[in-house]
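Down below is the structure, laid out as C-alpha coordinates.
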Amino acid sequence: MEKSIQEIRDIKKAMGNRLAILGHHYQSDDVIALTDIQGDSLELARKIGDLDAEHIVFCGVYFMAESAAILRRPGQNIHIPDSTATCPMADMAEADKVEATLDILQADGRKIIPLTYVNSSAAVKGVVGRYDGSVCTSANAKTMLKWAMDQGDAVLFLPDRHLAMNTADALGIAEDERTILPQGVIDGDPRLFVDTAATADRRLIAWPGYCPIHEAFTVHTIAELRTTDPAIKVIVHPECDPAVVQAADGNGSTTYLINYVADAPTGSIIHVGTETNLVSRLAARFPDKTIKPLALSLCDDMGKITVDNLAALLRNIDSAPPVDASEAIKAPARIALERMLKVCA
Ligand code: 13P
Ligand code: SF4
(Lines give C-alpha, C1' and ligand atoms only; values in the text may rest on other atoms or scores of the structure.)
(Ligands and ions follow the chains in the order given, each with its own letter.)
Protein backbone atom coordinates (compact mmCIF):
# COMPACT_ATOMS: atom_id res chain seq x y z
CA MET A 1 0.00 0.00 0.00
CA GLU A 2 2.87 2.42 0.78
CA LYS A 3 3.98 2.21 -2.86
CA SER A 4 0.43 3.08 -4.05
CA ILE A 5 0.16 6.01 -1.62
CA GLN A 6 3.40 7.50 -2.92
CA GLU A 7 2.33 6.91 -6.52
CA ILE A 8 -1.03 8.67 -5.89
CA ARG A 9 0.75 11.63 -4.26
CA ASP A 10 3.13 11.89 -7.24
CA ILE A 11 0.28 11.73 -9.81
CA LYS A 12 -1.74 14.35 -7.88
CA LYS A 13 1.28 16.66 -7.86
CA ALA A 14 1.92 16.14 -11.57
CA MET A 15 -1.74 16.63 -12.58
CA GLY A 16 -2.42 19.61 -10.31
CA ASN A 17 -5.83 21.19 -11.02
CA ARG A 18 -6.57 18.70 -13.82
CA LEU A 19 -7.53 16.17 -11.12
CA ALA A 20 -9.98 16.29 -8.20
CA ILE A 21 -10.54 13.33 -5.86
CA LEU A 22 -13.82 13.33 -3.92
CA GLY A 23 -14.57 11.00 -1.02
CA HIS A 24 -17.73 10.06 0.85
CA HIS A 25 -17.54 9.96 4.67
CA TYR A 26 -17.90 6.14 4.68
CA GLN A 27 -14.58 5.64 2.91
CA SER A 28 -11.67 4.14 4.86
CA ASP A 29 -9.12 6.44 6.54
CA ASP A 30 -6.46 5.42 4.01
CA VAL A 31 -8.60 6.53 1.06
CA ILE A 32 -9.97 9.66 2.78
CA ALA A 33 -6.39 10.83 3.44
CA LEU A 34 -5.80 10.96 -0.32
CA THR A 35 -8.98 12.87 -1.25
CA ASP A 36 -9.21 16.60 -1.96
CA ILE A 37 -12.86 17.01 -0.91
CA GLN A 38 -14.88 14.99 1.58
CA GLY A 39 -18.63 15.24 2.14
CA ASP A 40 -22.07 13.73 2.38
CA SER A 41 -24.07 12.94 -0.75
CA LEU A 42 -25.57 16.43 -1.03
CA GLU A 43 -22.28 18.26 -0.50
CA LEU A 44 -20.50 16.11 -3.07
CA ALA A 45 -23.28 16.57 -5.65
CA ARG A 46 -23.15 20.34 -5.16
CA LYS A 47 -19.38 20.45 -5.69
CA ILE A 48 -19.44 19.12 -9.26
CA GLY A 49 -20.56 22.40 -10.83
CA ASP A 50 -17.74 24.34 -9.15
CA LEU A 51 -14.91 22.03 -10.14
CA ASP A 52 -12.60 22.94 -13.02
CA ALA A 53 -10.82 19.58 -13.04
CA GLU A 54 -10.82 17.57 -16.25
CA HIS A 55 -10.81 14.30 -14.27
CA ILE A 56 -13.04 13.91 -11.20
CA VAL A 57 -12.56 10.68 -9.25
CA PHE A 58 -15.36 9.60 -6.95
CA CYS A 59 -14.37 7.47 -3.96
CA GLY A 60 -17.80 6.22 -2.95
CA VAL A 61 -20.46 4.02 -4.52
CA TYR A 62 -21.59 3.98 -8.14
CA PHE A 63 -24.75 6.11 -7.82
CA MET A 64 -22.59 8.96 -6.51
CA ALA A 65 -20.30 8.84 -9.55
CA GLU A 66 -23.36 8.53 -11.80
CA SER A 67 -24.95 11.61 -10.22
CA ALA A 68 -21.71 13.48 -10.88
CA ALA A 69 -21.76 12.26 -14.49
CA ILE A 70 -25.29 13.66 -14.85
CA LEU A 71 -24.25 17.05 -13.46
CA ARG A 72 -20.82 17.31 -15.10
CA ARG A 73 -19.95 20.00 -17.59
CA PRO A 74 -18.69 19.15 -21.11
CA GLY A 75 -15.01 18.28 -20.96
CA GLN A 76 -15.22 16.84 -17.43
CA ASN A 77 -14.70 13.10 -16.94
CA ILE A 78 -16.06 11.23 -13.92
CA HIS A 79 -14.35 8.08 -12.66
CA ILE A 80 -14.77 5.50 -9.90
CA PRO A 81 -11.88 3.18 -8.92
CA ASP A 82 -14.17 0.10 -8.82
CA SER A 83 -17.41 0.23 -10.79
CA THR A 84 -18.77 -2.84 -8.96
CA ALA A 85 -19.08 -0.71 -5.80
CA THR A 86 -22.86 -0.35 -5.95
CA CYS A 87 -25.38 0.52 -3.25
CA PRO A 88 -27.63 -2.46 -2.39
CA MET A 89 -30.43 -0.07 -1.47
CA ALA A 90 -30.21 1.74 -4.81
CA ASP A 91 -30.36 -1.66 -6.55
CA MET A 92 -33.73 -2.33 -4.86
CA ALA A 93 -35.49 0.11 -7.25
CA GLU A 94 -35.30 -0.69 -10.95
CA ALA A 95 -36.35 2.02 -13.41
CA ASP A 96 -38.92 -0.07 -15.31
CA LYS A 97 -40.64 -1.13 -12.07
CA VAL A 98 -40.70 2.44 -10.78
CA GLU A 99 -42.24 3.65 -14.04
CA ALA A 100 -44.83 0.84 -14.08
CA THR A 101 -45.73 1.63 -10.47
CA LEU A 102 -46.21 5.32 -11.24
CA ASP A 103 -48.50 4.43 -14.15
CA ILE A 104 -50.58 2.12 -11.93
CA LEU A 105 -50.84 4.77 -9.18
CA GLN A 106 -51.81 7.49 -11.65
CA ALA A 107 -54.42 5.41 -13.50
CA ASP A 108 -57.22 6.93 -11.39
CA GLY A 109 -56.22 10.44 -12.51
CA ARG A 110 -54.25 11.43 -9.41
CA LYS A 111 -50.99 13.29 -9.94
CA ILE A 112 -48.25 11.27 -8.20
CA ILE A 113 -44.92 13.06 -7.71
CA PRO A 114 -41.93 10.71 -7.47
CA LEU A 115 -39.22 11.72 -5.00
CA THR A 116 -36.12 9.58 -5.17
CA TYR A 117 -33.39 9.42 -2.57
CA VAL A 118 -30.07 10.19 -4.28
CA ASN A 119 -29.19 6.52 -3.55
CA SER A 120 -30.75 5.43 -6.85
CA SER A 121 -29.59 4.73 -10.40
CA ALA A 122 -29.38 7.37 -13.14
CA ALA A 123 -32.17 5.49 -14.93
CA VAL A 124 -34.47 5.86 -11.90
CA LYS A 125 -33.60 9.55 -11.64
CA GLY A 126 -34.47 9.81 -15.35
CA VAL A 127 -37.94 8.33 -14.75
CA VAL A 128 -38.42 10.67 -11.79
CA GLY A 129 -37.45 13.68 -13.92
CA ARG A 130 -39.93 12.66 -16.63
CA TYR A 131 -42.76 12.35 -14.08
CA ASP A 132 -42.14 15.90 -12.71
CA GLY A 133 -40.36 14.65 -9.60
CA SER A 134 -37.08 15.34 -7.90
CA VAL A 135 -34.23 13.91 -5.87
CA CYS A 136 -33.48 14.25 -2.17
CA THR A 137 -30.65 13.37 0.18
CA SER A 138 -30.78 12.60 3.88
CA ALA A 139 -29.72 16.22 4.51
CA ASN A 140 -32.72 17.77 2.73
CA ALA A 141 -35.40 15.03 2.76
CA LYS A 142 -37.75 17.15 4.89
CA THR A 143 -37.59 20.17 2.58
CA MET A 144 -37.92 18.03 -0.53
CA LEU A 145 -40.82 15.90 0.75
CA LYS A 146 -42.68 19.08 1.68
CA TRP A 147 -41.93 20.44 -1.83
CA ALA A 148 -43.12 17.21 -3.49
CA MET A 149 -46.34 17.16 -1.43
CA ASP A 150 -47.16 20.62 -2.79
CA GLN A 151 -46.69 19.57 -6.45
CA GLY A 152 -49.40 16.91 -6.77
CA ASP A 153 -51.96 14.72 -5.02
CA ALA A 154 -49.49 12.22 -3.53
CA VAL A 155 -45.79 11.36 -3.43
CA LEU A 156 -44.05 8.10 -4.35
CA PHE A 157 -40.88 8.14 -2.20
CA LEU A 158 -38.13 5.71 -3.17
CA PRO A 159 -36.18 3.51 -2.59
CA ASP A 160 -35.76 3.92 1.20
CA ARG A 161 -38.89 3.17 3.21
CA HIS A 162 -37.17 4.15 6.46
CA LEU A 163 -36.09 7.58 5.24
CA ALA A 164 -39.63 8.05 3.89
CA MET A 165 -41.26 7.21 7.23
CA ASN A 166 -38.71 9.12 9.33
CA THR A 167 -39.22 12.19 7.18
CA ALA A 168 -42.99 11.79 7.38
CA ASP A 169 -42.67 11.65 11.18
CA ALA A 170 -40.58 14.84 11.14
CA LEU A 171 -43.23 16.57 9.02
CA GLY A 172 -46.14 15.29 11.12
CA ILE A 173 -47.75 13.31 8.28
CA ALA A 174 -50.34 11.09 9.96
CA GLU A 175 -50.01 7.29 9.89
CA ASP A 176 -53.27 6.91 7.97
CA GLU A 177 -52.00 9.23 5.23
CA ARG A 178 -49.06 6.97 4.35
CA THR A 179 -48.33 3.43 3.25
CA ILE A 180 -45.38 1.25 2.28
CA LEU A 181 -45.69 -0.84 -0.88
CA PRO A 182 -45.30 -4.60 -0.32
CA GLN A 183 -41.78 -6.04 -0.46
CA GLY A 184 -42.68 -8.04 -3.60
CA VAL A 185 -42.49 -4.88 -5.73
CA ILE A 186 -38.68 -5.05 -5.44
CA ASP A 187 -38.41 -8.37 -7.25
CA GLY A 188 -41.76 -8.90 -8.89
CA ASP A 189 -44.17 -7.45 -11.40
CA PRO A 190 -45.66 -4.24 -9.87
CA ARG A 191 -49.08 -5.16 -11.29
CA LEU A 192 -49.15 -8.08 -8.84
CA PHE A 193 -48.15 -6.03 -5.80
CA VAL A 194 -49.47 -2.46 -6.11
CA ASP A 195 -52.96 -2.47 -4.66
CA THR A 196 -54.64 0.75 -5.80
CA ALA A 197 -57.43 0.29 -3.26
CA ALA A 198 -54.81 0.49 -0.49
CA THR A 199 -52.99 3.50 -1.95
CA ALA A 200 -55.89 5.60 -3.29
CA ASP A 201 -56.35 7.70 -0.14
CA ARG A 202 -52.64 7.95 0.80
CA ARG A 203 -50.58 11.12 0.37
CA LEU A 204 -47.27 9.32 0.88
CA ILE A 205 -46.51 5.97 -0.76
CA ALA A 206 -43.08 4.51 0.03
CA TRP A 207 -41.05 2.02 -1.98
CA PRO A 208 -40.08 -0.93 0.29
CA GLY A 209 -36.27 -0.56 -0.05
CA TYR A 210 -33.85 -0.26 2.86
CA CYS A 211 -30.13 -0.09 3.65
CA PRO A 212 -28.84 -3.44 4.97
CA ILE A 213 -25.99 -1.66 6.80
CA HIS A 214 -28.39 0.48 8.86
CA GLU A 215 -30.60 -2.53 9.73
CA ALA A 216 -27.87 -3.53 12.21
CA PHE A 217 -28.98 -0.91 14.75
CA THR A 218 -31.77 -1.88 17.12
CA VAL A 219 -33.98 -0.36 19.80
CA HIS A 220 -32.88 -3.21 22.08
CA THR A 221 -29.20 -2.10 21.91
CA ILE A 222 -30.15 1.50 22.68
CA ALA A 223 -32.32 0.45 25.66
CA GLU A 224 -29.50 -1.71 27.08
CA LEU A 225 -26.95 1.11 26.73
CA ARG A 226 -29.24 3.58 28.45
CA THR A 227 -29.82 1.16 31.33
CA THR A 228 -26.07 0.81 31.83
CA ASP A 229 -25.43 4.57 31.63
CA PRO A 230 -28.39 6.98 31.43
CA ALA A 231 -26.04 9.87 30.54
CA ILE A 232 -25.04 8.48 27.11
CA LYS A 233 -26.23 10.07 23.88
CA VAL A 234 -27.29 8.10 20.81
CA ILE A 235 -27.37 9.58 17.31
CA VAL A 236 -28.30 7.71 14.14
CA HIS A 237 -28.64 8.10 10.39
CA PRO A 238 -32.27 8.38 9.14
CA GLU A 239 -31.78 5.21 7.06
CA CYS A 240 -32.38 3.40 10.39
CA ASP A 241 -35.76 1.91 11.28
CA PRO A 242 -38.16 4.62 12.59
CA ALA A 243 -38.29 2.92 16.03
CA VAL A 244 -34.49 3.31 16.27
CA VAL A 245 -34.68 6.95 15.15
CA GLN A 246 -37.35 7.63 17.78
CA ALA A 247 -35.25 6.00 20.51
CA ALA A 248 -32.20 8.12 19.59
CA ASP A 249 -31.32 11.63 20.79
CA GLY A 250 -30.84 12.90 17.26
CA ASN A 251 -30.76 11.80 13.63
CA GLY A 252 -29.47 13.21 10.40
CA SER A 253 -27.10 12.95 7.46
CA THR A 254 -23.47 11.98 7.87
CA THR A 255 -22.62 15.70 8.10
CA TYR A 256 -25.21 16.11 10.88
CA LEU A 257 -23.60 13.21 12.78
CA ILE A 258 -20.12 14.72 12.39
CA ASN A 259 -21.29 18.16 13.57
CA TYR A 260 -23.17 16.69 16.54
CA VAL A 261 -19.99 14.96 17.74
CA ALA A 262 -17.83 18.04 17.05
CA ASP A 263 -20.18 20.31 19.02
CA ALA A 264 -20.70 17.95 22.00
CA PRO A 265 -18.99 18.95 25.26
CA THR A 266 -15.71 17.33 26.30
CA GLY A 267 -16.35 14.10 28.19
CA SER A 268 -19.54 13.25 26.24
CA ILE A 269 -20.24 9.58 25.56
CA ILE A 270 -21.92 9.23 22.16
CA HIS A 271 -22.99 6.03 20.40
CA VAL A 272 -23.34 6.57 16.67
CA GLY A 273 -25.62 4.44 14.47
CA THR A 274 -24.04 4.60 11.07
CA GLU A 275 -21.29 2.99 8.97
CA THR A 276 -18.31 2.04 11.15
CA ASN A 277 -15.55 3.76 9.12
CA LEU A 278 -17.07 7.16 9.89
CA VAL A 279 -17.58 6.34 13.58
CA SER A 280 -13.97 5.14 14.00
CA ARG A 281 -12.68 8.31 12.34
CA LEU A 282 -14.79 10.46 14.68
CA ALA A 283 -13.44 8.54 17.70
CA ALA A 284 -9.86 9.22 16.58
CA ARG A 285 -10.59 12.88 15.77
CA PHE A 286 -12.20 13.67 19.13
CA PRO A 287 -10.11 11.94 21.82
CA ASP A 288 -11.65 14.20 24.51
CA LYS A 289 -15.00 12.42 23.97
CA THR A 290 -15.98 8.75 23.94
CA ILE A 291 -17.38 7.95 20.51
CA LYS A 292 -18.58 4.41 19.92
CA PRO A 293 -20.38 2.53 17.13
CA LEU A 294 -23.93 1.58 18.13
CA ALA A 295 -23.04 -1.74 16.46
CA LEU A 296 -20.26 -2.68 14.04
CA SER A 297 -21.63 -2.32 10.51
CA LEU A 298 -19.36 -1.83 7.51
CA CYS A 299 -20.62 -1.10 3.99
CA ASP A 300 -18.77 -3.68 1.88
CA ASP A 301 -19.44 -1.73 -1.30
CA MET A 302 -17.92 1.47 0.09
CA GLY A 303 -15.00 -0.74 1.14
CA LYS A 304 -14.37 -1.85 -2.45
CA ILE A 305 -12.57 1.44 -3.04
CA THR A 306 -8.97 0.94 -1.95
CA VAL A 307 -5.70 2.83 -2.18
CA ASP A 308 -4.47 0.20 -4.65
CA ASN A 309 -7.41 0.47 -7.09
CA LEU A 310 -7.30 4.27 -6.78
CA ALA A 311 -3.62 4.15 -7.79
CA ALA A 312 -4.41 1.77 -10.67
CA LEU A 313 -7.09 4.16 -11.98
CA LEU A 314 -4.89 7.25 -11.70
CA ARG A 315 -2.00 5.51 -13.47
CA ASN A 316 -4.06 5.35 -16.71
CA ILE A 317 -6.61 8.07 -16.09
CA ASP A 318 -6.28 9.74 -19.50
CA SER A 319 -7.41 6.52 -21.24
CA ALA A 320 -9.78 5.20 -18.53
CA PRO A 321 -13.44 4.92 -19.70
CA PRO A 322 -15.41 7.48 -17.66
CA VAL A 323 -18.70 6.80 -15.83
CA ASP A 324 -21.53 7.98 -18.05
CA ALA A 325 -25.11 7.29 -19.16
CA SER A 326 -27.04 7.90 -22.37
CA GLU A 327 -28.34 11.42 -23.01
CA ALA A 328 -31.90 9.98 -22.99
CA ILE A 329 -31.38 9.05 -19.33
CA LYS A 330 -29.17 11.96 -18.34
CA ALA A 331 -31.37 14.80 -19.64
CA PRO A 332 -34.43 14.03 -17.43
CA ALA A 333 -32.19 12.85 -14.56
CA ARG A 334 -30.42 16.23 -14.67
CA ILE A 335 -33.78 17.99 -14.44
CA ALA A 336 -34.64 15.92 -11.34
CA LEU A 337 -31.28 16.65 -9.68
CA GLU A 338 -31.34 20.33 -10.60
CA ARG A 339 -34.85 20.68 -9.12
CA MET A 340 -33.38 19.57 -5.80
CA LEU A 341 -30.38 21.87 -6.06
CA LYS A 342 -32.69 24.80 -6.88
CA VAL A 343 -35.21 24.09 -4.10
CA CYS A 344 -32.36 23.69 -1.60
CA ALA A 345 -30.12 26.51 -2.91
P1 13P B 1 -25.32 10.82 3.45
O2 13P B 1 -25.94 11.55 2.32
O3 13P B 1 -25.89 11.17 4.78
O4 13P B 1 -23.83 11.00 3.42
O5 13P B 1 -25.62 9.26 3.31
C6 13P B 1 -25.31 8.52 2.17
C7 13P B 1 -25.43 7.08 2.41
O8 13P B 1 -25.26 6.26 1.55
C9 13P B 1 -25.79 6.66 3.75
O10 13P B 1 -25.87 5.28 3.80
FE1 SF4 C 1 -25.99 2.07 0.25
FE2 SF4 C 1 -26.28 1.60 2.86
FE3 SF4 C 1 -23.85 1.41 1.74
FE4 SF4 C 1 -25.06 3.81 2.08
S5 SF4 C 1 -24.36 2.40 3.68
S6 SF4 C 1 -24.01 3.09 0.26
S7 SF4 C 1 -27.22 3.24 1.69
S8 SF4 C 1 -25.66 0.12 1.31
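Ligands are counted one by one from 1 in listed order, and the atoms in each one are counted from 1 as well.
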Within the structure, does Thr254 bring an N/O atom to less than 3.5 angstrom of an N/O atom in ligand 1?
yes
For Tyr26, counting its heavy atoms only, list the atoms of ligand 1 lying under 4.0 Å from any of them.
7 (C), 9 (C), 10 (O)
Give a yes/no answer: is there an N/O/S atom of His214 under 2.8 Å from atom 2 (Fe) of ligand 2?
no
Where ligand 2 meets Pro88 - atom numbers and elements under 4.0 angstrom, heavy-atom basis
8 (S)
Whether the Gln106 and Tyr131 side chains hold a donor-acceptor pair (N or O, under 3.5 Å, no angle test) is what I'd like checked.
no
Only heavy atoms count here, so choose which of Ser138, Cys299, Pro159, Gly303 is nearest to atom 3 (Fe) of ligand 2.
Cys299
Do Tyr26 and Thr274 pair up side chain to side chain, a donor and an acceptor below 3.5 Å, judged on atom types alone?
yes
Could you check whether Asp308 and Ser4, counting side-chain N and O atoms only, form a donor-acceptor pair closer than 3.5 Å?
yes
Would you say the side-chain atoms of Asp132 and Gln151 include a donor-acceptor pair closer than 3.5 Å?
no
Of His214, His25, His162, the one forming a ring-ring contact (aromatic ring centres under 6.0 Å, His included) with His237 is His214
Ligand 2-proximal atoms of Asp301, by part, heavy-atom distance under 4.0 Å:
neither
Where on Glu239 is there a heavy atom closer than 4.0 Å to ligand 2, on the side chain, on the backbone, on both, or on neither?
side chain
Check: Asn309/Thr306 side-chain N/O donor and acceptor closer than 3.5 Å:
yes
Contact with ligand 2 for Tyr26, non-hydrogen, under 4.0 angstrom:
yes
Using 2.8 Å as the threshold, say whether any N, O or S atom from Cys211 sits that close to atom 1 (Fe) of ligand 2.
no
Indicate, as side chain, backbone, both or neither, the part of His237 found under 4.0 angstrom from ligand 1 when only non-hydrogen atoms are considered.
side chain
Side-chain donor-acceptor pair under 3.5 Å between Thr255 and Glu43, yes or no?
yes
